[in-house]
Amino acid sequence: RLPGIDGKAKMSKSLGNTINLGATADEIRAAVKKVYTDPLHLRVQDPGHIEGNVAFTYLDAFDLDQAGLAEMKAHYVRGGLGDSIVKARLEACLQEMLAPIRARREELAKDRGHIMQILKDGTFKAREVAARTADEVKAALGLSYF
């Protein structure tokens with residue numbers, strides 16, 4: 001579970017502290033700018049704190065270059081590394097990760113008939129599973145009268 005970009009709670013659409021999988025490049029950029037970092041890291045030369053820093057929490061989850069991230073963390077803790085550099089790395093990671101998802105979504109959106117068929121097929125399968133589950137519950141409760 002990831003914290004919201006505001007650092008106050010879990011990520012939640014209703015709290016408005018999310019980065020959506022279908023977000024545009026501009027929406028990702030805007031969200032990353034709002035990501036909570038270290039409130040005590042007032043100047044670039046100040047030592048920073050990793051714990052509770054949402055930017056580093058997200059980088060831990062999504063940055064594939066863990067060795068480079070470890071060096072960035074060490075530099076941040078020593079001081080001399082600004083939050084804007086950390087956020088730029090986070091944005092690059094998220095843009096790279098979400099670009100294929102965004103492209104696939106745009107491709108699928110072009111064929112609404114195909115999407116409707118997928119939804120119909122999924123609804124049919126869900127109804128079958130729900131019916132089997134209901135039958136199991138009725139049998140367990142002794143409510144099967146057939």
Side-chain angles (χ1 to χ4, degrees), residues 1-138 140-141:
R1 188 183 317 197
L2 289 172
I5 61 174
D6 56 7
K8 294 182 181 172
K10 68 178 183 139
M11 192 177 282
S12 167
K13 186 176 166 185
S14 63
L15 294 175
N17 63 358
T18 63
I19 299 175
N20 298 315
L21 292 176
T24 66
D26 290 338
E27 290 169 338
I28 293 169
R29 188 172 302 108
V32 169
K33 284 183 182 181
K34 295 178 185 177
V35 167
Y36 181 80
T37 55
D38 178 4
L40 302 176
H41 190 243
L42 302 176
R43 297 179 308 236
V44 171
Q45 63 269 24
D46 292 342
H49 300 89
I50 302 299
E51 189 161 323
N53 188 321
V54 175
F56 281 111
T57 302
Y58 285 22
L59 284 167
D60 284 337
F62 301 117
D63 194 334
L64 299 178
D65 179 11
Q66 290 296 304
L69 178 57
E71 173 51 37
M72 177 178 258
K73 286 179 178 181
H75 190 174
Y76 191 78
V77 170
R78 280 192 313 267
L81 183 65
D83 290 329
S84 63
I85 303 297
V86 176
K87 288 182 178 186
R89 182 179 182 123
L90 174 59
E91 181 189 346
C93 287
L94 293 176
Q95 295 286 10
E96 182 180 341
M97 182 184 74
L98 296 177
I101 295 170
R102 187 170 44 245
R104 179 73 173 137
R105 183 178 180 167
E106 289 170 4
E107 185 65 31
L108 287 171
K110 292 177 184 176
D111 187 356
R112 293 190 62 80
H114 179 65
I115 296 298
M116 292 306 294
Q117 189 58 48
I118 290 171
L119 291 171
K120 287 178 184 176
D121 293 346
T123 299
F124 179 76
K125 289 177 185 175
R127 284 184 180 151
E128 287 180 335
V129 171
R132 282 196 305 270
T133 302
D135 289 344
E136 290 173 14
V137 170
K138 287 176 185 176
L141 295 174

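In this chain, residues are counted from 1 in sequence order.
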- Message: Quick test of your reading: applying salt bridge (Lys or Arg N to Asp or Glu O under 4.0 Å), list the pairs with at least one residue in residues 49-59, sequence neighbours left out, ordered by first then second residue.
- Response: none

- Task: For Val129 and Thr133, run side-chain contact (heavy atoms from CB on, under 4.5 Å): C-alpha distance rounded to whole Å, both residues' side-chain angles, the deciding distance at 0.1 Å, then the answer.
- Result: CA-CA 6 Å; Val129 171; Thr133 302; 4.2 Å; yes

- Task: Please name all residues satisfying ring-ring contact (aromatic ring centres under 6.0 Å, His included) with Tyr76, sequence neighbours left out, ordered by chain then number.
- Result: His41, Phe56

- Item | Set of side chain to side chain donor-acceptor pair (under 3.5 Å) partners for Asp60, sequence neighbours left out | Lys73

List the atom pairs, donor and acceptor, that lie under 3.5 Å between side-chain atoms in residues 17-37 and the rest of the protein, sequence neighbours left out.
from  : atom 1 : to    : atom 2 : distance (Å)
Asn17 : OD1    : Ser12 : N      : 2.8
Asn17 : ND2    : Asp6  : OD1    : 3.1
Asn17 : ND2    : Lys10 : O      : 3.4
Thr18 : OG1    : Asn20 : OD1    : 3.3
Thr24 : OG1    : Glu27 : N      : 3.1
Asp26 : OD1    : Arg29 : NH1    : 2.7
Glu27 : OE1    : Thr24 : N      : 2.8
Arg29 : NE     : Glu91 : OE2    : 3.1
Thr37 : OG1    : Asp83 : OD2    : 3.2

- Which heavy atom of Leu15 sits nearest a heavy atom of Ala9, and at what distance? CD1-CB, 4.0 Å

- Message: By the side chain to side chain donor-acceptor pair (under 3.5 Å) test, which pairs, at least two apart or in different chains, include something from residues 109-119?
- Response: Gln117-Asp121

- Message: For Glu96, is the CD atom crowded, meaning more than 12 foreign heavy atoms sit under 6.0 Å from it?
- Response: no

- Task: Check Cys93 against Asp63 and note the closest heavy-atom contact, atom names and distance.
- Result: SG-CG, 3.6 Å

- Could you pull out the closest heavy-atom pair between Val54 and Gly7, with the gap in Å? CG2-CA, 3.5 Å

- Item | Check against side-chain contact (heavy atoms from CB on, under 4.5 Å), Arg132 and Asp135 | CA-CA 5 Å; Arg132 282 196 305 270; Asp135 289 344; 5.5 Å; no

- Applying side chain to side chain contact (heavy atoms under 4.5 Å, CB included), name anything that partners Arg105, two or more places apart in sequence or on another chain. none

- Only pairs at least two apart or in different chains count here, so list each salt bridge (Lys or Arg N to Asp or Glu O under 4.0 Å) that has a residue in residues 12-23. none

- In chain order, what residues pass the side chain to side chain contact (heavy atoms under 4.5 Å, CB included) check against Leu64, with sequence neighbours excluded? none

- Item | Of Arg89, Lys87, Met11, the residue whose pairing with Tyr58 passes side-chain contact (heavy atoms from CB on, under 4.5 Å) | Met11

- Looking only at non-hydrogen atoms, find the nearest pair between Leu59 and Met72 and report the distance. CD1-SD, 4.5 Å

- Query: Got a sec, which residues hit salt bridge (Lys or Arg N to Asp or Glu O under 4.0 Å) with Asp38, two or more places apart in sequence or on another chain?
  - Reply: none

- For Arg127, which residues count as a side chain to side chain contact (heavy atoms under 4.5 Å, CB included) partner, sequence neighbours excluded? Thr123

- Message: Filter on ring pair (Phe, Tyr, Trp, His ring centres under 6.0 Å), then keep only pairs touching residues 87-107, sequence neighbours left out; what's left?
- Response: none

- Residues at least two apart in sequence or cross-chain that pass side chain to side chain contact (heavy atoms under 4.5 Å, CB included) with Leu42, listed by chain then number, are Asp46

